[in-house]
Structure formats: C-alpha cells, structure tokens
Protein chains: 2
Amino acid sequence: MGITQRKEREKEEMRQRILDAALHLFREKGYEGVSIRNIAEAIEYSPGTIYLYYKDKSEIFYALQYEAAALKRDHLLSAALLENPWERLQAIGRQYIDFGLKHPDLYDLLFIIRSPMESIENQDCWILGQATHAFFVETVQACIDHRYFKSTDADTIAFTLWCHAHGLVSMFVRERIRMYPEERREQLARDSFEMIIKMAATL
Amino acid sequence: MGITQRKEREKEEMRQRILDAALHLFREKGYEGVSIRNIAEAIEYSPGTIYLYYKDKSEIFYALQYEAAALKRDHLLSAALLENPWERLQAIGRQYIDFGLKHPDLYDLLFIIRSPMESIENQDCWILGQATHAFFVETVQACIDHRYFKSTDADTIAFTLWCHAHGLVSMFVRERIRMYPEERREQLARDSFEMIIKMAATL
DNA sequence: AAATGTAATGAACAGTGTTTAATAACGCAA
DNA sequence: TTGCGTTATTAAACACTGTTCATTACATTT
C-alpha cells in the first residue's frame with residue numbers, strides 16, 4: 001500500500017517546489033511582478049499544472065505567508081525561554097527587529113503587503129499571529145506585575161513598543177530611510193532600539 | 001494670442017481631471033487594481049488619450065504622490081508656527097499622525113506603497129520629503145539646545161520618534177491592528193502618542 | 001495486453017499596459 | 001467660405017496577465 005503514500009509525498013514535494021520557486025521570484029519582483037507562467041517556467045511545468053496544486057495565485061501567497069509566520073514563531077521561542085519578564089521583553093523586541101531586518105521579504109509578506117482580498121482568508125496564519133501577539137502582551141503584563149513599570153496599562157505599553165519596532169522595520173523593508181547614509185543605518189537601528197528600551201524602563 | 005494660453009489651460013485641466021479620477025479609483029481599488037482603461041472610462045475618454053498627458057501609469061502615481069507631499073507639507077506648517085521647540089515637536093508628531101489617520105491613502109502613497117521602480121524618479125517629491133524631515137530633526141536639535149533632553153543625539157532621538165509615529169500610522173493604514181477592537185483603536189492611538197511624549201520627556 | 005484513472009498540457013477567454021496608424025477637430029490664411 | 005496644416009482623439013493591435021477546460025499522455029490495475 002506504499003503507492004498512495006508515494007503519490008502523497010510526490011504531491012507534497014511538488015507543492016513545496018512551487019512554493020520555493022514562488023518565494024524566490026516574489027523576493028526578486030514582488031507579488032504583482034510575478035506571473036503564474038513565470039513560476040511554471042521556473043519549475044519547468046506548464047501554467048495549468050500550478051492550478052492542480054494551488055487553487056489560485058493568492059493561495060500560493062498565503063502558503064508562503066503561513067511559512068513565514070511559523071518561522072517567526074520559531075524565532076520567538078528563543079526569547080520565550082527567559083524567566084525574567086523584563087529581559088524577556090527586551091529579547092522579544094530584539095528578536096522582532098532581527099527577524100525583520102534578516103528576512104525583509106517575509107516581514108513584508110506578514111505585516112505590510114496588501115495582499116489580494118486582505119481578509120480573514122488565511123486563518124491559520126492569523127491565529128499564529130494572534131498567539132504571538134498575546135504572548136507579547138502577557139510579557140508586558142508580567143513586567144507590570146513584577147513592578148518593572150509604574151504604568152499599569154499593558155495594552156498601551158505593548159502597542160507603543162510594537163509601533164516603534166514595526167515602524168523601524170517597515171522603514172528598512174520599504175526603504176524609507178534614504179535620508180540616512182547606508183553605512184549608518186544598522187547602527188541607527190541598534191541605537192534606536194536601546195533608546196526605546198531605556199525609555200520603556202521609565203514607564 | 002490667448003489661444004495658446006487657453007490650450008495650455010485646457011491641457012492642465014485635462015491632467016488634473018485624470019489625476020482626480022485616478023486618486024478616486026486608487027483609493028477604492030489600490031494602484032494595481034486600477035487599469036488605464038478604468039481611468040479613461042471615468043473621464044469618458046479612450047485609453048490612448050491618457051498617454052497624451054502622462055507617459056505611463058506610474059507617472060500618474062508620481063504626480064499624485066507629489067500632490068500628497070505638498071498637502072502634507074502644508075499640514076506641517078501649522079506646527080512650524082510654535083516658538084517653543086518642545087511644544088513644536090509635539091505638534092509635529094500630532095500633525096504627522098493626524099495626517100496619516102485622516103488621509104490613509106495619501107500616507108500609503110507617500111510612505112508605504114512599493115511603487116513601480118521605487119527609485120529617485122519623482123525627485124520633486126523626494127526633495128519635499130527631505131525638507132520636512134530636516135525640519136523635524138532641527139526641531140529635535142532645538143529641544144536639545146534648550147535642555148529639554150539630556151541626551152544629545154538628535155538623529156537617534158528623531159529616528160526613534162519617527163519609528164513610533166510611522167509604525168502607528170502604518171498599522172492603521174494597512175490594517176494590522178485587527179487584534180484591537182474597532183471602537184478602541186482611536187483611543188489607543190491617542191494614548192500611545194501621549195505615552196511616547198511622556199517617554200521622550202525623560203530622554 | 002487492455003482498461004482505467006490521474007497528471008499534465010496547451011489552447012482559449014477576458015483582462016492588463018502600451019504603441020501606433022488612421023481619423024476627427026480645430027485654428028488660421030487666402 | 002474654402003482649404004491647409006496642426007493637434008487631439010481614437011480604435012485596433014501587440015504582448016502580456018490569471019484562470020479554465022477539453023484533450024492528451026502516462027502510470028497503475030485488471
């Protein structure tokens with residue numbers, strides 16, 4: 001009875017081959033810049049074949065988005081190990097920015113790109129994102145409980161810190177930091193992160 | 001010899017008519033969602049006519065981007081009137097966020113959208129943006145000079161504050177705040193702005 | 001070896017941005 | 001008013017897009 005298993009495996013391999021080619025192309029030309037024919041050509045199949053594995057172009061995007069969300073969750077887990085909530089919070093921030101600068105296309109995929117029919121479609125991805133966000137807010141709450149902050153509004157604190165991190169990464173990802181010379185940007189990001197941490201410590 | 005003048009005026013009117021229709025459509029369906037044929041239909045002309053006034057689709061986008069930058073500069077001028085640098089800085093921030101939340105599509109146009117050939121193309125727009133950013137950094141420097149901050153790194157302070165504002169607006173514009181209920185979002189934005197101001201005061 | 005079921009194809013459809021040859025509209029001198 | 005020269009407008013064409021579907025090719029089963 002190994003045949004159906006092999007078929008299943010081959011199908012999965014094909015799906016992954018499409019995903020790999022798509023990610024590679026999306027990184028180069030962006031979502032709109034890549035056609036189904038491009039992807040088909042990259043894997044040396046005809047355009048129609050793609051539709052046997054993904055029902056349309058956006059489903060390929062969503063599959064990639066889910067992979068990105070899972071990778072991001074894995075990154076986060078390293079920070080989750082720290083017992084002390086204040087150190088954990090700093091680690092989360094560092095990890096968030098690290099992920100964004102290291103995988104700008106995946107970050108774009110997750111947090112910026114206005115994908116086709118920006119809705120609840122890819123629910124798996126959405127649930128993943130919600131869970132990591134909840135973990136973030138809980139850590140802020142833990143900091144409050146342990147008297148690291150005087151302020152007690154966990155939501156606002158979390159949101160404010162997130163604004164900074166998301167803004168920082170976004171500007172890198174969408175290249176809106178042309179006013180700062182190339183060679184200073186990375187240092188600027190580090191300095192700004194340290195600054196927001198110091199600022200947060202006064203909350 | 002008023003004929004050439006009238007021709008000139010009519011040409012300008014046509015350009016503006018195209019821009020108005022394009023902005024209206026872009027707001028509804030986004031840059032990629034709008035076709036030249038859609039714009040042509042909206043102004044009741046044939047598709048080819050558009051190309052007599054703008055050399056391609058991206059030029060229409062750039063023209064709109066410039067209009068948005070000019071509007072944003074005008075918004076900023078109200079803040080520029082304040083003498084006290086610390087109050088001026090707060091006003092700039094408030095104005096920045098106000099503009100973003102009031103004109104999400106224009107903000108998108110200016111700071112987020114990955115436009116066709118994201119380069120130095122629309123230099124007018126870029127110069128405008130550079131000027132307003134310089135004004136922002138100068139205000140931070142003025143705050144330092146007047147001992148509102150202990151820290152003396154104007155660039156990092158400015159960048160950090162900008163990260164927060166840009167991140168906040170971005171999340172609204174690209175709707176990445178679905179984890180917060182609709183009715184709380186505006187208040188959250190206000191609270192977060194106040195929080196970052198209080199944090200900045202400790203720098 | 002023949003029959004069956006599935007995977008792959010390539011043509012077709014309706015859309016896209018853009019170019020261009022043909023046409024219509026206009027201003028102006030005779 | 002007529003005819004000429006510009007200029008504005010258009011419809012058609014080209015090469016592309018996402019997507020569907022009847023047909024073909026092939027691996028598996030009988």
Q) Taking the side chain of B:S46 as its heavy atoms from C-beta onward, which of D:dT17, C:dT19, D:dA11 lies nearest to it? A) D:dA11

Q: Classify the side chain of B:R37 and the base of C:dG17 as holding, or not holding, a donor-acceptor pair under 3.5 Å.
A: yes

(Q) Of the listed nucleotides (D:dT19, C:dG17, C:dA7), which one gets closest to any side-chain atom of A:L52? (A) C:dA7

Q: State, without any angle test, whether B:R190 and B:Q187 hold a side-chain donor-acceptor pair at a distance under 3.5 Å.
A: yes

Q. Does the distance from a Lys or Arg side-chain N to an Asp or Glu carboxylate O, for A:E41 and A:R37, drop under 4.0 Å?
A. no

(Q) Looking only at the side chain of A:M14 (C-beta and beyond, no hydrogens), which of the listed nucleotides C:dT18, D:dG18, C:dA8 gets closest? (A) C:dA8

Q) Whole Å only: how far is the OH atom of B:Y45 from the C1' atom of C:dT18? A) 20 Å

Q: Take B:N84 and B:Y148 through the test side chain to side chain donor-acceptor pair (under 3.5 Å) and record every step on the way to the result.
A: CA-CA 10 Å; B:N84 182 288; B:Y148 282 98; 2.7 Å; yes

(Q) Please report the distance, rounded to the nearest Å, between CD in A:E10 and P in C:dT6. (A) 15 Å

Q | For atom CD of B:E41 and atom P of D:dA11, their distance in whole Å | A | 12 Å

**Q.** Residue whose nearest DNA chain D nucleotide is more 5′ - B:K11 or B:P47
**A.** B:K11

**Q.** Nearest to side-chain heavy atoms of A:S35, which nucleotide of D:dT9, D:dT17, C:dT18
**A.** D:dT17

Q) In terms of side-chain heavy atoms of A:I36, which of C:dG17, C:dT9, D:dG18 is nearest? A) D:dG18

(Q) Looking at A:Y53, I'd like to know whether one of its side-chain N or O atoms comes within less than 4.0 Å of OP1 or OP2 on C:dA8. (A) yes

Q: Can you tell me the distance, in whole Å, between the NZ atom of B:K55 and the P atom of C:dT19?
A: 9 Å

Q: Measure from NZ or CZ of A:R94 to the centre of the six-membered ring of A:F193 and say whether it is under 6.0 Å with the direction within 45° of the ring axis.
A: no

(Q) I need the OH-C1' distance between A:Y54 and D:dG18, as an integer number of Å. (A) 17 Å

Q: Answer yes or no: is there a side-chain heavy-atom contact under 4.5 Å between A:H166 and A:Y107?
A: yes

Q. Tell me: NZ of B:K57 to C1' of D:dT17, nearest whole Å?
A. 12 Å

Q.
Using whole Å, what does the distance between atom C1' of nucleotide D:dA8 and atom CD of B:E44 come to?
A. 17 Å

Q.
Expressed as a whole number of angstroms, how long is the span from B:I43:CD1 to D:dT9:C1'?
A. 11 Å

